*Asks:* 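Structure in structure tokens, see below.
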Amino acid sequence: MSKPLKHYLQFKDFSREEYDYLFGRTRWIKEKFKRYEPYHPLFDRTLVMIFEKASTRTRLSFEAGMFQLGGSAIYLNTRDSQLGRGEPVEDAAQVISRMSDVVMIRTFEQDIVERFAANSRVPVINGLTNEYHPCQIMADIYTYIERHGSIQGKTVAWIGDSNNVCNTWLQAAEVLDFNVHVSTPPGYEVEPERAGIYGTDHFEEFADPMEAARGADIITTDVWTSMGFEAENEERMRDFADFQVDADMMRVANPDAVFMHCLPAHRGEEVSAEVIDGPQSVVWDEAENRLHAQKALLEYLLLGQVKPD
């Protein structure tokens with residue numbers, strides 16, 4: 001009997017129980033990697049990576065991760081393929097999924113990954129869209145668990161633009177039962193329908209970023225100008241001037257609070273150098289954990305739950 005086809009397009013695609021399993025597998029896979037013990041469950045499997053948006057961490061973590069699991073990865077840029085010349089997403093999905101075992105897509109509209117998945121014979125992973133970034137938040141939450149244990153009941157303070165990463169934190173709060181405080185400048189507030197949340201008790205908005213950060217366990221942010229919004233850069237610099245995560249903001253959080261950022265970061269804009277390079281920053285752990293969390297994800301989508309050794 002074949003394994004049911006699963007995709008990972010939004011954080012809410014998986015249940016709390018599935019994330020508990022994935023976080024456990026992430027720890028096991030990471031520890032094995034640190035001991036230099038080969039683990040090749042995906043031997044002879046192929047990952048196709050489709051990029052419409054530029055990337056450093058996403059390409060590196062998926063390509064290295066697939067190699068470390070014994071498989072191979074193929075990089076496709078839409079500028080260099082028929083997708084960039086108008087081939088329908090549905091047709092590309094039919095062809096690519098017949099020649100590979102799993103597909104990761106990093107693109108603009110969420111609709112593109114949804115349409116691709118609807119026509120794919122193999123699992124499809126959202127590597128980032130304008131709406132969501134589930135792989136990033138899975139790695140972020142694992143990073144917190146690795147240091148402090150369960151995130152259930154904790155508070156995450158999101159400071160800045162209500163973008164795809166913010167939307168995904170809000171979905172994660174629903175699935176894993178924690179709270180998100182969001183503070184944005186006027187005009188940049190969360191759109192619940194875009195975040196894919198309705199009637200939630202896990203989300204509160206604050207006009208004052210210091211109040212959002214007060215008592216938080218995680219303070220996190222992102223660049224003020226995301227990819228695709230470069231034309232708004234000067235206006236955003238003015239609008240977000242009072243929303244920098246600095247040492248004063250970290251001081252009102254819980255004493256053991258951590259600072260997170262999905263990177264790349266602009267020191268002196270959304271975060272001060274003192275914070276991102278300081279002792280509460282876990283940004284390098286986050287970046288590394290993209291590798292290990294995504295290896296657990298690839299293993300799960302292709303093999304299902306694996307019994308521990």
Side-chain angles (χ1 to χ4, degrees), residues 1-33 39 41-42 45 47 58 61-62 65-66 68-69 71 101-105 110 113-114 116-118 120-129 131-154 156 164-165 167-180 195-198 200-203 218 262 286 289-309:
M1 182 176 177
S2 61
K3 184 177 68 65
L5 180 62
K6 289 183 72 72
H7 303 297
Y8 190 55
L9 310 181
Q10 301 183 33
F11 195 93
K12 66 181 182 181
D13 286 346
F14 290 170
S15 66
R16 185 187 304 185
E17 291 72 25
E18 287 176 295
Y19 281 112
D20 286 344
Y21 167 79
L22 284 167
F23 294 142
R25 287 304 291 171
T26 300
R27 183 183 298 276
W28 186 90
I29 287 170
K30 182 176 181 178
E31 289 174 352
K32 203 168 185 67
F33 175 80
Y39 178 58
L42 302 187
R45 301 292 185 97
L47 163 69
T58 297
S61 56
F62 271 107
M66 194 66 181
Q68 291 166 17
L69 292 175
D101 300 286
V102 58
V103 178
M104 185 281 297
I105 305 176
Q110 179 73 13
V113 297
E114 301 280 352
F116 194 104
S120 175
R121 293 184 170 200
V122 301
V124 176
I125 299 169
N126 178 357
L128 175 143
T129 63
E131 289 82 4
Y132 307 112
H133 199 355
C135 293
Q136 179 67 53
I137 301 310
M138 183 167 64
D140 290 358
I141 292 172
Y142 176 74
T143 301
Y144 183 83
I145 292 170
E146 190 175 46
R147 286 188 167 233
H148 294 298
S150 174
I151 198 171
Q152 185 173 11
K154 304 299 184 181
V156 176
N164 52 358
V165 184
N167 289 339
T168 309
W169 271 114
L170 294 171
Q171 284 197 357
E174 291 287 294
V175 176
L176 300 179
D177 189 26
F178 59 89
N179 305 302
V180 180
I197 56 169
Y198 304 93
T200 177
D201 296 325
H202 295 85
F203 154 54
I218 298 171
C262 63
E286 284 178 83
N289 284 334
R290 286 286 302 277
L291 171 68
H292 306 299
Q294 288 164 190
K295 284 192 285 186
L297 175 64
L298 288 163
E299 179 193 64
Y300 178 59
L301 290 174
L302 288 171
L303 303 181
Q305 291 202 9
V306 176
K307 292 182 180 180
D309 289 350

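The structure displayed is predicted, hence computed values, not measured ones.
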*Asks:* Can you name the nearest heavy-atom pair linking A117 to V124, along with the distance?
*Replies:*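 Scanning both residues completely, I find the closest heavy atoms to be CA-CG2, 3.8 Å.
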*Asks:* Can you name the ring-ring contact (aromatic ring centres under 6.0 Å, His included) partners of Y300, sequence neighbours left out?
*Replies:*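 Once residues adjacent in sequence are excluded, the partners of Y300 under the ring-ring contact (aromatic ring centres under 6.0 Å, His included) criterion are F14, Y21.
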*Asks:* Among all residues two or more places apart in sequence or in another chain, which pass the side chain to side chain contact (heavy atoms under 4.5 Å, CB included) test with N167?
*Replies:*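 Listed in chain order: Y132, R194, A195.
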*Asks:* To the nearest 0.5 Å, tell me how far I151 CD1 sits from L176 CG.
*Replies:*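 Taking CD1 in I151 and CG in L176, the distance rounds to 7.0 Å.
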*Asks:* Please give me the minimum heavy-atom distance between N179 and D201, naming the atom from each residue.
*Replies:*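 Shortest heavy-atom separation between N179 and D201 comes out as OD1-O, 4.3 Å.
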*Asks:* Given side chains that start at C-beta, do those of I125 and F62 come closer than 4.5 Å, heavy atoms only?
*Replies:*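 I125 reaches F62 side chain to side chain.
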*Asks:* To the nearest 0.5 Å, what is the distance between SG (C135) and CG (N289)?
*Replies:*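 Spacing of SG (C135) from CG (N289) equals 13.0 Å.
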*Asks:* Are the side chain of T168 and the backbone N or O of H133 linked by a donor-acceptor pair below 3.5 Å?
*Replies:*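 Yes, because the side chain of T168 sits within donor-acceptor range (under 3.5 Å) of the backbone of H133.
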*Asks:* What residues form a side chain to side chain contact (heavy atoms under 4.5 Å, CB included) with K12, not counting sequence neighbours?
*Replies:*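 Expected list: Q10, Q171, V175.
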*Asks:* Roughly how far, to the nearest 0.5 Å, is the NZ atom of K6 from the CG atom of D13?
*Replies:*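 Reported to 0.5 Å precision, the distance equals 8.0 Å.
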*Asks:* Can a donor-acceptor pair be found, under 3.5 Å and without considering hydrogens, that links the side chain of E18 to the backbone of S15?
*Replies:*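 Yes, the answer is positive, given that a donor and an acceptor are paired below the 3.5 Å cut-off.
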*Asks:* Quick one: does E131's side chain have a donor or acceptor within less than 3.5 Å of a partner on Q110's backbone?
*Replies:*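 Yes, because the side chain of E131 sits within donor-acceptor range (under 3.5 Å) of the backbone of Q110.
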*Asks:* Can you confirm whether W28 sits close enough to K32 that some side-chain heavy atom of one is under 4.5 Å from a side-chain heavy atom of the other?
*Replies:*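 Yes - at least one pair of side-chain heavy atoms lies under 4.5 Å apart.
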*Asks:* Drop me the distance from M138's CE to R290's CZ, to the nearest 0.5 angstrom.
*Replies:*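 Taking CE in M138 and CZ in R290, the distance rounds to 8.5 Å.
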*Asks:* Sequence neighbours excluded, which residues qualify as side chain to side chain donor-acceptor pair (under 3.5 Å) partners of D177?
*Replies:*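 D177 satisfies side chain to side chain donor-acceptor pair (under 3.5 Å) with Q152, H202 once adjacent residues are dropped.
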*Asks:* With a 4.5 Å cut-off on side-chain heavy atoms, are L128 and T58 touching?
*Replies:*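 T58 does not reach L128 side chain to side chain.
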*Asks:* Taking all non-hydrogen atoms of both residues, which atom of R121 and which atom of L5 are closest, and how far apart?
*Replies:*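 Smallest heavy-atom distance, with atoms named: O-CD1, 3.9 Å.
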*Asks:* Contact between I29 and Q68 at the side-chain level, heavy atoms closer than 4.5 Å - yes or no?
*Replies:*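 Answer no - side chains too far apart.
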*Asks:* Report yes if the side chains of R45 and L303 come closer than 4.5 Å at any heavy-atom pair, otherwise no.
*Replies:*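 The answer is yes, as the side chains (C-beta and beyond) meet within the 4.5 Å cut-off.
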*Asks:* State, yes or no, whether a side-chain contact exists between T129 and L9 at a heavy-atom distance under 4.5 Å.
*Replies:*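 No, their side chains stay 4.5 Å or more apart.
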*Asks:* So, do I218 and W169 sit near enough that their side-chain heavy atoms are less than 4.5 Å apart?
*Replies:*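 In contact.
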*Asks:* Scan for salt bridge (Lys or Arg N to Asp or Glu O under 4.0 Å) pairs involving residues 293-302, sequence neighbours excluded, and state none if there are none.
*Replies:*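 Sorted result for residues 293-302: R25-E299.
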*Asks:* Working to the nearest 0.5 Å, report the span between CG of L291 and CD of Q294.
*Replies:*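 Those atoms lie 7.5 Å apart.
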*Asks:* Please check: side-chain N/O of Q136 versus main-chain N/O of E286, any donor-acceptor pairing under 3.5 Å?
*Replies:*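 No, Q136 side chain to E286 backbone: no donor-acceptor pair under 3.5 Å.
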*Asks:* I would like to know whether E146 and F23 meet side-chain contact (heavy atoms from CB on, under 4.5 Å); could you show each step before the answer?
*Replies:* CA-CA 9 Å; E146 190 175 46; F23 294 142; over 6 Å; no
*Asks:* Just jot down the side chain to side chain contact (heavy atoms under 4.5 Å, CB included) partners of A172, sequence neighbours excluded, or say none.
*Replies:*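 Once residues adjacent in sequence are excluded, the partners of A172 under the side chain to side chain contact (heavy atoms under 4.5 Å, CB included) criterion are F11, I137, I141, F178.
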*Asks:* Could you grab the distance from atom NE2 of H7 to atom OG of S120, nearest 0.5 Å is fine?
*Replies:*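 Separation between the atoms: 5.5 Å.
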*Asks:* Does the side chain of Y8 reach to within under 4.5 Å of the side chain of L22, using non-hydrogen atoms?
*Replies:*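 A side-chain contact under 4.5 Å is absent here.
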